[in-house]
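Accompanying notes for the structure given below.
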Amino acid sequence: LPGKKVLIVYAHQEPKSLNGSLKNVTVEELSKQGCSVTVSDLYAMQFEPRATRNDIVGCLHNSEKFNYGVEVREAYKRGDLSSDVIEEQKKVQEADLLIFQFPLYWLSMPAIMKGWMDRVLVEGFAHQFPNCYNSGYLKNKLALFSFTTGGSQEMYTKGGISGDIRYALWPMQHGIMHYCGVKVLAPHICFAPESVSEEERKEMLLAWAQRLKTLWKEKPIDCSPEWYFK
Ligand code: FAD
Ligand code: ZN
């Protein structure tokens with residue numbers, strides 16, 4: 001949809017990876033639609049994933065005993081968060097849609113992306129109890145988790161050896177995005193790209209491009225416990 005703003009948060013070390021190709025397809029397809037697309041290429045940016053004292057510029061709210069959550073909440077109010085965090089928050093604020101593109105690491109996102117969540121989605125900016133879930137501060141935004149796996153689709157079924165892939169999505173989609181008020185579109189999962197033929201990988205990229213063509217018509221998933229665990 002022309003005019004829509006999209007932020008791609010991308011975590012892969014290798015531009016020639018399938019994740020790199022998926023990211024490129026996203027940029028191309030959405031740009032072609034007239035969307036404005038921004039990419040946070042976390043490894044290329046050498047994004048700092050650690051939540052530390054360095055995230056607060058200047059004096060601490062309580063220098064006797066360090067509490068990261070309290071300190072970043074107060075620093076956010078004063079405009080004293082470190083500049084890399086402020087920059088990411090601006091990108092989030094502007095975006096209508098956040099796309100997270102990554103390889104599955106230990107049934108989760110790579111540490112560098114988890115660090116982005118930890119450091120960017122600060123209390124006061126993204127949420128502040130009781131402003132969470134449907135009243136989180138990032139309501140009216142959409143998120144989509146697009147990732148690749150090592151394991152096959154069969155392994156990731158309910159009765160499969162790894163369990164339903166939806167279990168892994170609970171912390172990301174519900175625990176993080178929904179908590180901040182963001183509505184979630186169905187995830188996009190490319191299973192086991194390393195174990196399939198070149199032809200099948202090309203089809204994976206085509207399928208993603210195809211989905212992007214009608215993405216703005218999609219309805220968010222019902223991001224409640226039933227979606228994951230029923
Ligand atoms: P790549 O190896 O980069 O890509 C696969 C192939 O696609 C390559 O041969 C590449 O050349 C090719 N390709 C790239 N672009 C194109 C194109 N345009 N057209 C055709 N082919 C192309 N997996 C799990 O399932 N569960 C886990 O819990 C898990 N934990 C992990 C933890 C760690 C620390 C690590 C390192 C891996 C883990 N994995 C796990 C595996 C990981 O998820 C997969 O290795 C990863 O998802 C594969 O994606 P990739 O982009 O890195 O693949
Ligand atoms: Zn939810």
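The first residue of the sequence shown is numbered 1, and numbering continues consecutively from there. Note that ligands are numbered from 1 as they come in the structure, with each ligand's atoms numbered from 1 the same way. What you see is a predicted model; the values in this text were computed from it and never measured.
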Query - Aromatic centroids of Tyr167 and Tyr228 separated by under 6.0 Å - result: no

Query raised in the report: Considering only N, O or S atoms, which atom of His174 is nearest to the Zn ion (ligand 2)?
Result: ND1

Query raised in the report: Under 4.0 Å from any heavy atom of Lys202, which atoms of ligand 1 are there?
Result: 19 (N), 20 (C)

Query - Sub-6.0 Å ring centroid separation between Tyr137 and His127 - result: no

Report task. Provide, to 0.1 Å, the distance between atom 30 (N) of ligand 1 and the closest protein heavy atom, together with that atom's residue and name. Result -> Trp106 N, 2.8 Å

Query - Nearest neighbour in protein (non-hydrogen) for atom 26 (N) of ligand 1 - result: Tyr156 OH, 2.8 Å

Report summary line: Within the 4.0 Å heavy-atom cut-off, what Phe147 brings close to ligand 1 is neither

Requested in this report: Sort out for me which residue in Arg50, Arg73, Arg119 forms a salt bridge (Lys or Arg N to Asp or Glu O under 4.0 Å) with Asp55.
Outcome: Arg119

Report summary line: The option among Lys23, Gln101, Lys16, Arg201 carrying the non-hydrogen atom nearest to atom 22 (C) of ligand 1 is Arg201

**Report entry** Sub-4.0 Å atoms of ligand 1 with respect to non-hydrogen atoms of Pro103
**Finding:** 46 (C), 47 (O)

Query raised in the report: Does a side-chain N-to-carboxylate-O contact under 4.0 Å join Glu87 and Lys90?
Result: no

Query - Electrostatic pair Lys202-Glu198, nearest N-O below 4.0 angstrom - result: yes

Query raised in the report: With under 30° as parallel and over 60° as perpendicular, where do the rings of Trp116 and Phe100 fit, or are they tilted in between?
Result: perpendicular

Query raised in the report: Are Glu218 and Arg211 ion-paired here, with the side-chain N under 4.0 Å from a carboxylate O?
Result: yes

Query raised in the report: Which protein non-hydrogen atom lies closest to atom 36 (C) of ligand 1, naming both residue and atom, and how far is it?
Result: Tyr105 CE1, 3.6 Å

Report task. Taking the Zn ion (ligand 2) as the vertex, measure the angle between atom ND1 in His178 and atom SG in Cys223; round to 10°. Result -> 120°

Query raised in the report: Can you tell me which residue and heavy atom of the protein come closest to atom 15 (N) of ligand 1, and the distance to 0.1 Å?
Result: Ser21 OG, 2.7 Å

Requested in this report: Check the angle between the aromatic planes of Phe147 and Phe102 and answer parallel, tilted or perpendicular using the 30° and 60° thresholds.
Outcome: parallel

**Report entry** Carboxylate-amine/guanidinium contact Glu29 Lys213, below 4.0 Å
**Finding:** yes

**Report entry** Polar atom proximity, Leu107 to ligand 1 (N or O, under 3.5 Å)
**Finding:** yes

Query raised in the report: Does an N or O anywhere in Gly151 fall below 3.5 Å from an N or O of ligand 1?
Result: yes

Query - Positive for side chain to side chain contact (heavy atoms under 4.5 Å, CB included) with Lys23, one of Val39, Val9, Leu18 - result: Val39

Query raised in the report: With a 4.0 Å cut-off on heavy atoms, is Glu194 touching ligand 1?
Result: yes

**Report entry** Polar atom proximity, Leu104 to ligand 1 (N or O, under 3.5 Å)
**Finding:** yes

Query raised in the report: Which option, Ile189, Leu206, Thr148, Asn19, owns the non-hydrogen atom nearest atom 47 (O) of ligand 1?
Result: Thr148

Query raised in the report: Starting from atom 4 (O) of ligand 1, which protein heavy atom do you reach first, and at what distance in Å?
Result: Leu18 N, 3.5 Å

Query raised in the report: Which residue and non-hydrogen atom of the protein lie closest to atom 17 (C) of ligand 1, and at what distance in Å?
Result: Leu205 CD1, 3.4 Å

Requested in this report: Verify whether one side chain among Asp222 and Ser224 offers a donor that lies under 3.5 Å from an acceptor in the other.
Outcome: yes

Report task. For Gly150, counting its heavy atoms only, list the atoms of ligand 1 lying under 4.0 Å from any of them. Result -> 23 (N), 24 (C), 25 (O), 41 (C), 42 (C), 43 (O), 44 (C)

Query raised in the report: How far is atom 52 (O) of ligand 1 from its nearest protein heavy atom, and which residue and atom is that?
Result: His12 NE2, 2.7 Å

**Report entry** Worked verdict on Ser40 versus Lys91 for side-chain hydrogen bond (donor to acceptor under 3.5 Å, both in side chains)
**Finding:** CA-CA 9 Å; Ser40 285; Lys91 295 180 197 171; 2.9 Å; yes

